[in-house]
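Proteins get letters first, then strands, A, B, ... in listed order; numbering begins at 1 in each.
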Protein chains: 2
Amino acid sequence: MPNLTDCIEDYLKKLLALSCEPYVEVQRRELAKKFACVPSQINYVLERRFSPERGYLVESRRGGGGWIRIFRLKTSQASPWREVIESLNGREYEPSRVRQLLKRLYEEKIISRRESFLLETVTRDRIYEEKGLSKKKAREIQHELLNEALEELLKVSY
Amino acid sequence: MPNLTDCIEDYLKKLLALSCEPYVEVQRRELAKKFACVPSQINYVLERRFSPERGYLVESRRGGGGWIRIFRLKTSQASPWREVIESLNGREYEPSRVRQLLKRLYEEKIISRRESFLLETVTRDRIYEEKGLSKKKAREIQHELLNEALEELLKVSY
DNA sequence: TATCGTCTGACCATCTCTGACCTTAATTTA
DNA sequence: TAAATTAAGGTCAGAGATGGTCAGACGATA
């Protein structure tokens, strides 16, 4: 039995799939009532399952008549790579976010399953810990390695 | 009378055989309860009986509604990989040798061009020099990263 | 009896969910 | 029209619910 977060994610993705627009609009309070949970649970779902790394954009407005809009982003066919690299450098480097990004790249057939597995190894901390590097330095190296690797992929078409 | 590990292994393999999917999904806690043992026993079984060497891949998720998925892999390509990894570990790690190896793997169509480019980035010293690591430590990290990456390729069939 | 495979339990990491408190926008009221 | 009220949504710390790791006890067997 899936958990609440999975259920709400499913529901929103179905709404998106049915929508004529490239987005859906909901009210946090209403949605929370529908799933019998606290409103902040909705924010949790949005943060975890509808992040930019996963290909979504969320807008909202507070106050009377407030709303939340969830946009499905399309990677531009022209140069998906630049976008990916920029989205990686835009926010702080964070292994879990990178893994989500890799999953999405695989789902959108921008990289192969094997490539996503290869790139995922770069995000692991184990080796650096064993060699006595600080977490900070490890993260810096990971970030750079990932950038170099993505630059390589950029050079060679599928 | 077979032991617990054997029983749990049997049970999971029967589940796999019956499953329509190429995997089964269980909950560690539930499974442990079913066999009246501690949860970590499940990890032991997975490690010993469902390892990549034996042709399985295990994924999991923690937290509420967590799960463990066990995938049955195709093992046809497993053997050439073991040789490659062992040839890498047999002699001292040396970037130039690795590049030759990657070239050969590409020529023999064991890895793709893109994969060889990805793996090649791991052998570069630049990043480590910038971060002030000794050449020795850099080489050690490169060696381990490469090993992990090759292990990943071993897991995933094309 | 030495060794190797099993099994346990304490402690850790991660993901989910809630509730108290905060911010913002629209509407009503003085 | 300015202030007060109402009606949204946002943030964050902490509790709860899983699964992971590891050292060491235990047990079978050569």
Practice task
Go through the structure and list residues passing side chain to side chain donor-acceptor pair (under 3.5 Å) with K14(A), not counting sequence neighbours.
Solution key: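 Not a single residue meets the side chain to side chain donor-acceptor pair (under 3.5 Å) criterion with K14(A).
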Handout entry: Y106(A): partners by ring-ring contact (aromatic ring centres under 6.0 Å, His included), with sequence neighbours left out
Key =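 With neighbours one apart ignored, the set is empty.
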Problem - Residue whose closest nucleotide on DNA chain C lies nearer the 5' end, L4(B) versus T5(A) - result: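 Residue closer to the 5' terminus by nearest nucleotide: L4(B).
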Salt bridge (Lys or Arg N to Asp or Glu O under 4.0 Å) partners for [X], two or more places apart:
| X | result |
| --- | --- |
| R126(A) | E130(A), E144(B), E148(B) |
| K137(A) | none |
| E25(A) | R69(A) |

Give the rounded distance in Å between these two atoms: [atom1] of [X] and [atom2] of [N].
| X | N | atom1 | atom2 | answer |
| --- | --- | --- | --- | --- |
| E47(B) | dT21(D) | CD | P | 8 Å |
| Y44(A) | dA13(D) | OH | C1' | 14 Å |
| R69(A) | dG9(D) | CZ | C1' | 14 Å |
| K33(B) | dG19(D) | NZ | C1' | 15 Å |

Practice task
Could you identify which residues cluster with L46(A), counting Ile, Leu, Val, Met, Phe, Trp and Tyr as linked when any side-chain heavy atoms lie under 4.5 Å apart, either directly or through a chain of such contacts?
Solution key: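 Direct or chained contacts put L46(A) with L4(A), I8(A), Y11(A), L12(A), L15(A), L16(A), V24(A), V26(A), L31(A), F35(A), I42(A), V45(A), F50(A), Y56(A), V58(A), I68(A), I70(A).
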Handout entry: Shared-cluster residues of L18(A), by chain and number - hydrophobic side chains joined below 4.5 Å
Key =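 Listed partners: none, L18(A) stands alone.
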Practice task
Classify the nucleic acid contact of R49(B) as base, sugar-phosphate or nothing, counting any heavy atom under 4.0 Å across all strands shown.
Solution key: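 Since only primed, P, OP1 and OP2 atoms lie under 4.0 Å of R49(B), the category is sugar-phosphate.
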Exercise for the section: Extract, from 5' to 3' on DNA chain C, the first and final nucleotides lying under 4.0 angstrom from some heavy atom of chain A. Expected result: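 Range of nucleotides touched by chain A: dC15(C) to dA26(C).
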Handout entry: Salt-bridge criterion met for E120(A) and R99(A) (N-O under 4.0 Å)
Key =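 Result for this pair is yes, salt bridge flagged.
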Exercise for the section: For side chain to side chain contact (heavy atoms under 4.5 Å, CB included), just list the numbers for F117(A) and L153(B), CA-CA rounded to whole Å, side-chain angles, deciding distance to a tenth of an Å, and then say yes or no. Expected result: CA-CA 7 Å; F117(A) 272 64; L153(B) 287 185; over 6 Å; no
Problem - Any donor-acceptor N or O pair under 3.5 Å, side chains E151(A), T121(B) - result: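 T121(B) and E151(A) do not have a side-chain donor-acceptor pair below 3.5 Å.
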Handout entry: side chain to side chain contact (heavy atoms under 4.5 Å, CB included) partner of R54(A), chosen from R49(A), R48(A), R72(A)
Key =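 Testing each of R49(A), R48(A), R72(A) against R54(A), the sole residue satisfying side chain to side chain contact (heavy atoms under 4.5 Å, CB included) is R49(A).
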Problem - Of all pairs that satisfy salt bridge (charged side-chain N to carboxylate O under 4.0 Å, His left out), the ones with a partner from residues 28-40 of chain B, not counting sequence neighbours - result: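 Counting only pairs at least two positions apart or across chains, the salt bridge (charged side-chain N to carboxylate O under 4.0 Å, His left out) contacts touching residues 28-40 of chain B are E30(B)-K33(B).
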Handout entry: nucleotides 23-30 of chain D: protein proximity per nucleotide (B base, S sugar-phosphate only, - neither; heavy atom, under 4.0 Å)
Key = --------
Practice task
Would you check, one step at a time, whether the test salt bridge (charged side-chain N to carboxylate O under 4.0 Å, His left out) holds for E152(A) with R113(B)?
Solution key: CA-CA 10 Å; E152(A) 285 303 322; R113(B) 188 167 157 74; over 6 Å; no
Handout entry: Near-strand residues of residues 34-43 of chain A, defined as heavy-atom separation under 4.0 angstrom from DNA chain C
Key =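 Of all residues in residues 34-43 of chain A, the ones placing a heavy atom under 4.0 Å from DNA chain C are C37(A), V38(A), S40(A), Q41(A).
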Atom pairs under 3.5 Å: protein N/O with N/O of nucleotides 15-18 of chain D:
residue, atom, partner, partner atom, Å
dT18(D), OP1, G65(B), N, 3.3
dT18(D), O5', R29(B), NE, 3.2
dT18(D), O4', G63(B), O, 3.0
dT18(D), O2, G63(B), N, 2.9

